Amino acid sequence: MIDPIQLFVPFFRVEETLSEIRECLEQGWTGLGFKTVQMEEAWKNYTSLPNAHFLNSATAGLHLAIRLIKEEEGWKEGDEIITTPLTFVSTNHAILYERLTPVFADIDEYLCLDPVSVENRITEGTRAVMFVGLGGNVGQLDKIVALCQERGLKLILDASHMAGTYWNGKHIGNEADVSVFSFQAVKNLPTGDSGMICFREIKLDEEVRKWTWLGIDKDTFSRTISKGAYKWHYDTVHEGFKYHGNSIMAGIGLVSLKYLDRDNAYRRQIAAWYDERLQGKSGIQRVPVRSGCLSSRHLYQIQVDNRDEVMLALNDEKIYPGVHYRDNTLYKMYAQGRGTCPRSMEASERIISLPMHLKLTYRDVQRVCDALIEIVNRG
Ligand SMILES: Cc1ncc(COP(=O)(O)O)c(C=O)c1O
């Protein structure tokens, strides 16, 4: 009996994580404040980003990124955000939550937005570009930054896969007006569900804290520790949302964060093993990482012909890869963009994410490669 090899197997330091959670239970503080504050500080310290607010998901963060910039800039319903079709639907749903229009641009060899295609999609109605660092790759983000500056557009970075991605020696995030990270259950910095929103401007960081707790402008924890009178007197400035993170998730995240660089280094080792075996193999095209990018390696992606058959044949060998992602214009709700991004549509039919997690061994990687090479060459 051979063991199955799964796409993702999240890894937790169980005892260390339990002691963080135990602290929350012993203190009787599992909600907003306490560990969420520690997590924000630890994240700022780790990334050197100036601002960070801990959330219950990256989806919430993407929504708020758009909401706050829309309010600040006075965008109107129907204004356009240029975005990628090759992403998880959260990226594009967030645009619709604010009744803006997603305009799809095509992708490049890194499976990220192609700056030339983005430029071609700019109209009078364009307000921002939404860039996704797929799998931890920076793609041509630098060119998108320059384009946004030149054309007066805001830049939102969906950095859901980019915890621990460095670009020319610096942690990713400060290139954009706002960056949103995901610490969802199977991400490379796993919790249960949570995320971080990092605005470049402190003003928006202060503002977003009101939006994540129903428009209330002071959190319970700071009211409890500030011993002044009338601590129950707080203002509610608008309806906001219930989007803040909690201390249990933050406790899990604090431990994951402590080991993030080490864990990502092992992911890059796995990627190097794949590269070594797969380079030059006919019928298997590896997705490159942009030079200067130290990728988090949330994903290791390849492209093949007859992808669905290859996936099923791998399943027969008890190997379970994934697809990140189907082109969003294949979904009914985004069908208006169908046919506008041929490279994305082609990639969507050909991409496979090979198993990538911390429990994989060198032998596992060889088993995946042996099976893949054999299947692709069956003809
Ligand atoms: C590219 C991308 N954007 C956004 C999200 C949403 O993250 P979350 O599950 O934390 O809301 C994900 C998660 O799968 C993602 O992969």
Side-chain angles (χ1 to χ4, degrees), residues 7-8 10 36 39 43 52-67 81-98 102 104-105 107 110-113 128-139 141 144 155-165 172-173 176 178-198 208 211-212 241-246 248-250 252-253 256-257 267 287 295-301 321-329 331 334 344 347-348 351 353 356-357:
L7 170 64
F8 294 141
T36 66
M39 182 65 186
W43 183 251
H53 184 42
F54 188 61
L55 305 170
N56 59 16
S57 72
T59 304
L62 291 166
H63 179 199
L64 289 176
I66 294 170
R67 175 62 175 250
I81 298 189
I82 299 176
T83 183
T84 172
L86 205 73
T87 185
F88 186 57
V89 288
S90 286
T91 315
N92 294 318
H93 284 8
I95 300 171
L96 296 182
Y97 292 160
E98 287 303 314
F104 295 105
I107 56 160
Y110 307 106
L111 307 181
C112 296
L113 275 180
V129 175
M130 169 79 86
F131 188 92
V132 179
L134 202 73
N137 210 335
V138 298
L141 179 61
I144 302 278
L155 178 56
I156 299 160
L157 178 61
D158 179 345
S160 289
H161 301 176
M162 301 181 101
T165 285
I172 203 75
V178 54
S179 299
V180 178
F181 297 85
S182 174
F183 311 140
Q184 179 263 347
V186 296
K187 292 293 184 290
N188 67 311
L189 195 168
T191 61
D193 250 325
S194 62
M196 196 72 86
I197 188 166
C198 303
V208 79
W211 284 92
T212 54
F241 301 98
K242 175 79 175 162
Y243 278 176
H244 64 78
N246 69 62
I248 300 290
M249 290 306 123
I252 300 172
S256 293
L257 177 56
R267 290 170 172 277
V287 175
S295 170
S296 65
R297 274 299 183 185
H298 176 56
L299 300 176
Y300 184 93
Q301 293 176 288
V323 173
H324 298 88
Y325 292 89
R326 285 188 77 213
D327 185 305
N328 285 189
T329 68
Y331 303 131
Y334 294 114
S344 168
S348 170
I351 42 180
S353 301
M356 173 54 84
H357 57 80

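Order of listing sets the numbers, starting from 1, for every ligand and every atom in it. Note that the structure is a prediction, hence the values are computed from the model and not measured.
Protein heavy atom at the shortest distance from atom 3 (N) of ligand 1 is Asp158 OD2, 2.7 Å. For atom 12 (C) of ligand 1, the closest non-hydrogen atom on the protein side is Phe88 CD2, 3.6 Å. Among protein heavy atoms, atom 11 (O) of ligand 1 sits closest to Thr59 OG1, 2.5 Å. At the top of the distance list for atom 9 (O) of ligand 1, counting protein heavy atoms only, stands Gln184 CG, 3.5 Å. Looking only at protein heavy atoms, the nearest one to atom 4 (C) of ligand 1 is Ser160 OG, 3.2 Å. Taking atom 10 (O) of ligand 1 as the reference point, the nearest protein heavy-atom neighbour is Ser182 OG, 2.8 Å.
Close N/O approach between Ser90 and ligand 1 is not found [any backbone or side-chain N/O within under 3.5 Å]. Between Leu62 and ligand 1, no pair of N/O atoms sits closer than 3.5 Å.
For the pair Leu86 and Leu134, the tightest heavy-atom approach, listed with the atom from each and the gap, is O-CD1, 3.8 Å. Heavy-atom minimum distance, Ser348 versus Asp327: OG-N, 2.9 Å. In plain terms, the two heavy atoms of Pro190 and Ala185 that are nearest each other are CB-O, 3.4 Å.
Using a 4.0 angstrom heavy-atom cutoff, Lys187 counts as in contact with ligand 1. Residue Tyr325 places a heavy atom under 4.0 Å from ligand 1.
Considering Met162, His161, Arg267 as possible partners of Asn188, the one that fulfils the side-chain contact (heavy atoms from CB on, under 4.5 Å) test is Arg267. Just one residue in the list Thr83, Ile82, Leu62 forms a side-chain contact (heavy atoms from CB on, under 4.5 Å) with Ile95, and that residue is Thr83.
At a cut-off of 3.5 Å, with distance as the only test, no side-chain donor of Thr36 or His244 sits close to an acceptor on the other residue.
Between Ile351 and Val323, some side-chain heavy-atom pair lies under the 4.5 Å cut-off.
Interface atoms of ligand 1 facing Thr91, defined by a heavy-atom separation under 4.0 Å, are 3 (N). Atoms of ligand 1 found under 4.0 Å from any heavy atom of His161 (numbered from 1 in listed order, with element): 1 (C), 15 (C), 16 (O). Atoms of ligand 1 lying under 4.0 Å from any heavy atom of Thr87, numbered from 1 in the order shown and given with element: 1 (C).
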Handout entry: Verdict with supporting geometry, Phe183 and Phe54, side-chain contact (heavy atoms from CB on, under 4.5 Å)
Key = CA-CA 10 Å; Phe183 311 140; Phe54 188 61; 4.0 Å; yes
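Taking the six-membered ring wherever Trp is involved, the centroid distance between the rings of His298 and Phe8 falls below 6.0 Å.
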